[in-house]
Amino acid sequence: MPSPQLDKTYEPRTVEDRWYREWIARGYFRASLDHPGKPYCIVIPPPNVTGSLHVGHALNHSLQDILIRWRRMQGRNVLWLPGTDHAGIATQNVVEKQLIAEGSSRELLGRERFIERVWQWKATSGNTIVNQQKQLGESCDWDRLRFTMDEGLSKAVLEVFVRLHEEGLIYRGERLINWCPRCLTALSDIEVEHEDSKGKLYSIEYPLEHDPATRLTVATTRPETMLGDTAVAVHPDDPRYNHLIGRRVRLPLTTRTIPIIGDNILVDREFGTGAVKITPAHDFNDYEAGERHQLPRLPVLDHHARLDPVSLRAAGVEQAVVDAVELLPVAKARPKIEALLRERGALAKVNDHKLAIGKCYRCKTVVEPYLSPQWFVKIQPLAAPAIKAVETGHVRIIPEGWVNNYLGWMRDIKDWCISRQIWWGHQIPAWYCTACNADTILKTVHEGMATSEARELPPASRKRITILQGAVPVVARSAPTQCPRCGKSEFLRDPDVLDTWFSSGLWPFSTLGWPDRTPELKTYYPTSTLVTGLDILFFWVARMIMLGLKFMGDVPFRDVYIHALVRDAEGQKMSKSKGNVIDPLHVMDQFGTDALRFTLASMASPGRDIKLAEERIEGYRNFANKIWNAARFAHMHLDGTRESRPPAQRSFPERWILSRLHDTIRIVTQELEAYRFDRSANALYHFFWHEYCDWYLELIKPALQDASHPDGPSTRHTLQESLETFLRLLHPFMPFISEEIWQTLPHAGETIVTQSYPTANAAWHSPDAEQAFALLERGVGMTRTARVLLNYPPGKHVTCFVTHDDAATAQTLAALRQEFAHLGRGQFTLQPLAQWPDSKLLRLTLDGLTVGIHVEGDVDLNKAVDRLTKQIAETEKETQRLAGKLKNDEFVSKAPPEVIADHQNRLQGLSRDREMLASSERQLRAMLGA
RNA sequence: GGGCGGAUAGCUCAGUUGGGAGAGCGCUGCCCUUACAAGGCAGAGGUCACAGGUUCGAUCCCUGUUCCGCCUACCA
């Protein structure tokens, strides 16, 4: 066939787009239920539908695509199922910002029109990330693209909610939850990020009611919450205070007195004064203590985390204090309270204090514990089987270091708050009969707005509806028409939506058609592997395992591979505000998609974050170019007859490269099975650059360039065969360049995508060739070193001698005369040392191998002498070390015999080397003297 | 506070049953040798964080210390 002309450098952009469209058009990525292979399925961790591809996605998706393409080539029935999630809070925030920029708001728009607006936003930006994924070469079955809010998945959400509710595993109740006063919604425990910050510890004095001259001092980091204190706790065994239990203190700034109680859980006698104020409505520990002692809960903050005048009055706060702080946010109220306490002489001291402050993971606003009715999943019954699944290995977590992390969290898991006070998401399928619940449904004027603003609102938005804890919902798959209790038909639907993770927790089966019993579920569930980052192990992975076991009766996936976080070159977390983000799209434009993918794979070592620097990507861009040029070389020489000989009858370079290829196939496959993408990638890189290009292509040039060479036809065959095999081995990592080159080589089939993955061929394994090569490599290296020592130009034709002090090895060398001549650029004599000239010769020795190079003209021999002197010293040092060990009786008596024998052999070898080096040095000095 | 991981060449990292320290990038020198200067060849560079212990022998196993990350937690 004619050799196609390949350009001198590889241009990824044109190639990538062309092939991706072709792959899609021909449907190579489509899964088929009829496929005879064993199923292999990955569901993609759904990215935010309105987001765009960042480098973390690029890593996550590249690794999945490597696994998928590899398994596809292995003949498995592959499904990679793509999709996106609706990212409730994040997406709602984005659209709200747009509205504010337009001078509108979601309240002005109303719920229905707001949701329409979000769908519009999804329609305009929803394809962005999908197109970027395609640019990355992802071989997903795009026909099966799913979205957490689409009809099928919403049906699954409804079904799960109703069933869990029926079983009593979902309940509604008033609890203290994490509340974001900016997003105005509840958050689950893990949506709160903790950050160390500097704060203050305020010591406040509470006078005893029966003895006001005596004061009980309590410490707090949040003095403004003291207005809502309902008790002070001391340790029951603390002799300083326990006689006060049952007495009362006067709460400063209020008209109230509160009891002193004994509590050994809340109180740490060592900390502070040993007395603790209790604010059950604004602190999780205090809430628990309040439960234990039946204390009232007095909230003092509203949902914007401002001091609420109505609540303050209800809490008996003095009117002057209310006037001073009402409607102030916490940060502004705190100094006012501090000043008021100081005025009253109630503030004992203020110390600096380090504390961890909780922030909203979406908007970084300080989260407040907030008392409100919410929906929860009772999690213990779901967690128990999910713990067992990992303990027994039904789900494998890789690297397994994360197993304890998972188990620890699961064993201490808290009920999951699933309701969110936002509009974008799956609205909770609970309806309240307005007649039966007349007393528990409160409609108040919207407190978040000044009255003038509130007047502008449509009536439906003007109210804030609060459905109190006692309300009785009807939970159903569709809206009820009649109240089962009173028969009336007017209902209010619960306005809350579900946590986004509630729907993504169903992802491995909802995307396959559940709750319908589809053939897809039957074929692909449990899925094979989940590839994800550590950051969503709890958010997502744990919940998928719990819900998968609950509703499918089986784990959602067999393996969970947890990969690293991508950081910048300095190890900093990438963030837009720091301006250190590496944009994968820009990288792909600049260096090519294959280079980016290969970089990420090669750096994916387990248990270590990836510090990504552009130079690395550039390095692998160069690798792609190297492959490209090797292919150009092949094309220049593939014309002519080709002959397929049995491997054992091929020439030495052919046998050697096939043996190396055999080994590389073995390593790449084995490491992929162990999810060691880094080792697989490095094996590919090392093989191709440093064995295939550096040595093999050089070794076969004589056979290729001489038209009448007897090994020509076989060499051409092996060249083509080895290159084609390597491209298949490489394809999962570098899909584009491998396809582009593969297409130009002789091949069967229409695409590399569906070719079989190479398997190790035992007939290619050749220890003899490998051993011979090791000698050749070292010998050639030594002649090149000698050339540099003598300042010979690289092209200079030299006269050389090579031998080895072991006779059999010397025989092996003798068979390599032509290879030495070619790579060493000169005339090589492979005879015993006795027949070498004894002057005008620079000799180098290592491990019994000696190379001599003829010294011509007036060259400076000093560099060579220095080199020999240095090497002799090193040899001497190593000799001392080994001899020392062998002289040690304990070593000789206790070390294993093979280690002793090895030491002795090495010592002998060193001794011979040393003799040879010393004689070389004498010879050189003689020449210098002459 | 608890848990986990890391500390190996200038940088980023391998090193899997303890026995002669490796790679990539970078650096230095020489080369535009017809596949490739996005390249070739040669080379410099490391008491494997520190201190003990186990062992004939420790980068590797054990203990402690220091430093850096991450996760987690209610010390008011």
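Letters A, B, ... mirror the listed sequences (proteins, then strands); counts begin at 1.
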Taking N or O atoms only and anything under 3.5 Å, show me the protein contacts with nucleotides 22-27 of chain B, one pair per line.
| residue | atom | partner | partner atom | Å |
| --- | --- | --- | --- | --- |
| B:G24 | OP1 | A:H690 | NE2 | 3.1 |
| B:G24 | O3' | A:Y685 | OH | 3.4 |
| B:C25 | OP1 | A:Y685 | OH | 3.4 |

Do you see a donor-acceptor pair shorter than 3.5 Å between the side chains of [X] and [Y]?
| X | Y | answer |
| --- | --- | --- |
| A:N178 | A:D189 | yes |
| A:S605 | A:D678 | yes |
| A:K277 | A:T279 | yes |

If the cut-off is 4.0 Å, is [X] near the phosphate of [N], judged by side-chain N/O to OP1 or OP2?
| X | N | result |
| --- | --- | --- |
| A:K8 | B:C36 | yes |
| A:H353 | B:C75 | no |
| A:K796 | B:U33 | no |
| A:K870 | B:A44 | yes |
| A:T785 | B:C41 | no |
| A:N791 | B:C30 | no |
| A:R787 | B:G43 | no |
| A:K626 | B:G40 | yes |

Point-to-point distance, once rounded to the nearest 0.5 Å, from [atom1] of [X] to [atom2] of [Y]:
| X | Y | atom1 | atom2 | result |
| --- | --- | --- | --- | --- |
| A:Y370 | A:I177 | OH | CD1 | 8.0 Å |
| A:E618 | A:T599 | CD | OG1 | 10.5 Å |
| A:N625 | A:F591 | CG | CZ | 13.0 Å |

Backbone N/O of A:S188 and side chain of A:E191: donor-acceptor pair under 3.5 Å:
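Here the side-chain-to-backbone pair exists.
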Sub-3.5 Å donor-acceptor pair from the side chain of A:H563 to the main-chain atoms of A:P606, do we have one?
no
Nucleotide nearest [X] when distance is taken to its side chain, options [options]:
| X | options | answer |
| --- | --- | --- |
| A:E878 | B:U33, B:G20, B:A76 | B:G20 |
| A:N888 | B:C56, B:C13, B:C36 | B:C56 |
| A:L697 | B:G20, B:C41, B:A35 | B:A35 |
| A:R867 | B:C41, B:G43, B:C36 | B:G43 |
| A:N622 | B:C41, B:A38, B:G20 | B:A38 |
| A:V899 | B:A35, B:A76, B:G19 | B:G19 |
| A:V267 | B:A76, B:U12, B:A35 | B:A76 |
| A:K885 | B:C41, B:A76, B:G19 | B:G19 |
| A:S605 | B:C56, B:A14, B:A38 | B:A14 |

Which pairs, protein N/O on one side and nucleotides 70-74 of chain B N/O on the other, fall under 3.5 Å?
| residue | atom | partner | partner atom | Å |
| --- | --- | --- | --- | --- |
| B:C74 | O4' | A:N285 | ND2 | 3.0 |
| B:C74 | O2' | A:N285 | ND2 | 3.1 |
| B:C74 | N1 | A:N285 | OD1 | 3.1 |
| B:C74 | N1 | A:N285 | ND2 | 3.3 |
| B:C74 | O2 | A:N285 | ND2 | 3.3 |

Whole-Å gap separating [atom2] ([N]) and [atom1] ([X]):
| X | N | atom1 | atom2 | result |
| --- | --- | --- | --- | --- |
| A:R825 | B:C30 | CZ | C1' | 14 Å |
| A:K701 | B:G40 | NZ | P | 11 Å |
| A:E11 | B:A38 | CD | P | 13 Å |
| A:R334 | B:A76 | CZ | C1' | 13 Å |

For [X], which contact category applies under a 4.0 Å heavy-atom criterion: base, sugar-phosphate, or nothing?
| X | value |
| --- | --- |
| A:E270 | nothing |
| A:E698 | base |
| A:D694 | sugar-phosphate |
| A:G274 | base |
| A:P896 | base |
| A:R269 | nothing |

Distance under 6.0 Å and angle within 45° of ring axis: A:R784 vs A:W695
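So A:R784 does make the cation-pi contact.
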Taking only Lys NZ, Arg NE, NH1 and NH2, and the carboxylate oxygens of Asp or Glu, determine whether [X] and [Y] approach each other closer than 4.0 Å.
| X | Y | value |
| --- | --- | --- |
| A:R269 | A:D238 | no |
| A:D663 | A:R666 | yes |
| A:R222 | A:E368 | yes |

Determine whether a donor-acceptor pair (one donor, one acceptor, N or O, separation below 3.5 Å) exists between the side chain of A:R621 and the base of B:A38.
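It does, because a donor-acceptor pair links the side chain of A:R621 to the base of B:A38 below 3.5 Å.
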Any residue meeting salt bridge (Lys or Arg N to Asp or Glu O under 4.0 Å) with A:R906, in chain and number order, not counting sequence neighbours
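If we apply the salt bridge (Lys or Arg N to Asp or Glu O under 4.0 Å) test to A:R906, skipping adjacent residues, the hits are A:E878, A:D902.
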Test of understanding: with salt bridge (Lys or Arg N to Asp or Glu O under 4.0 Å), list the residues that count as partners of A:E740, not counting sequence neighbours.
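Counting only residues at least two positions away or on another chain, A:E740 forms a salt bridge (Lys or Arg N to Asp or Glu O under 4.0 Å) with A:R18.
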If you measure from the C1' atom in B:G29 to the same atom in B:C70, how many Å do you get, rounded?
44 Å
Pairing stems for RNA chain B [at least three consecutive pairs; Watson-Crick or G-U; under 3.5 angstrom]:
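If one scans RNA chain B for consecutive Watson-Crick or G-U pairs, the stems found are B:1-7 with B:66-72, B:10-13 with B:22-25, B:27-31 with B:39-43, B:49-53 with B:61-65.
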For residues A:M588 and A:R13, determine if any side-chain heavy atom of one lies less than 4.5 Å from a side-chain heavy atom of the other.
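Not touching, per the 4.5 Å side-chain cut-off.
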Decide yes or no for A:V899 and A:F891: does some side-chain heavy atom of the first lie under 4.5 Å from some side-chain heavy atom of the second?
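Of all side-chain heavy-atom pairs linking A:F891 with A:V899, at least one is under 4.5 Å.
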For nucleotides 53-55 of chain B, print each protein N/O atom paired with a nucleotide N/O atom at under 3.5 Å, atom names and distance only.
none

Take A:R676 and A:E874, find for each the nucleotide of RNA chain B with the closest heavy atom, and name the residue whose nucleotide sits nearer the 5' end.
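Its nucleotide being nearer the 5' end, the pick is A:R676.
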Let me know, please, whether A:G795 or A:V218 comes out on the 5' side of the other along RNA chain B by nearest nucleotide.
A:G795
Which of these, A:F623, A:F726, A:Y692, A:F733, sits in a ring-ring contact (aromatic ring centres under 6.0 Å, His included) with A:Y685?
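So, applying the ring-ring contact (aromatic ring centres under 6.0 Å, His included) to A:Y685 and each of A:F623, A:F726, A:Y692, A:F733, only A:F623 qualifies.
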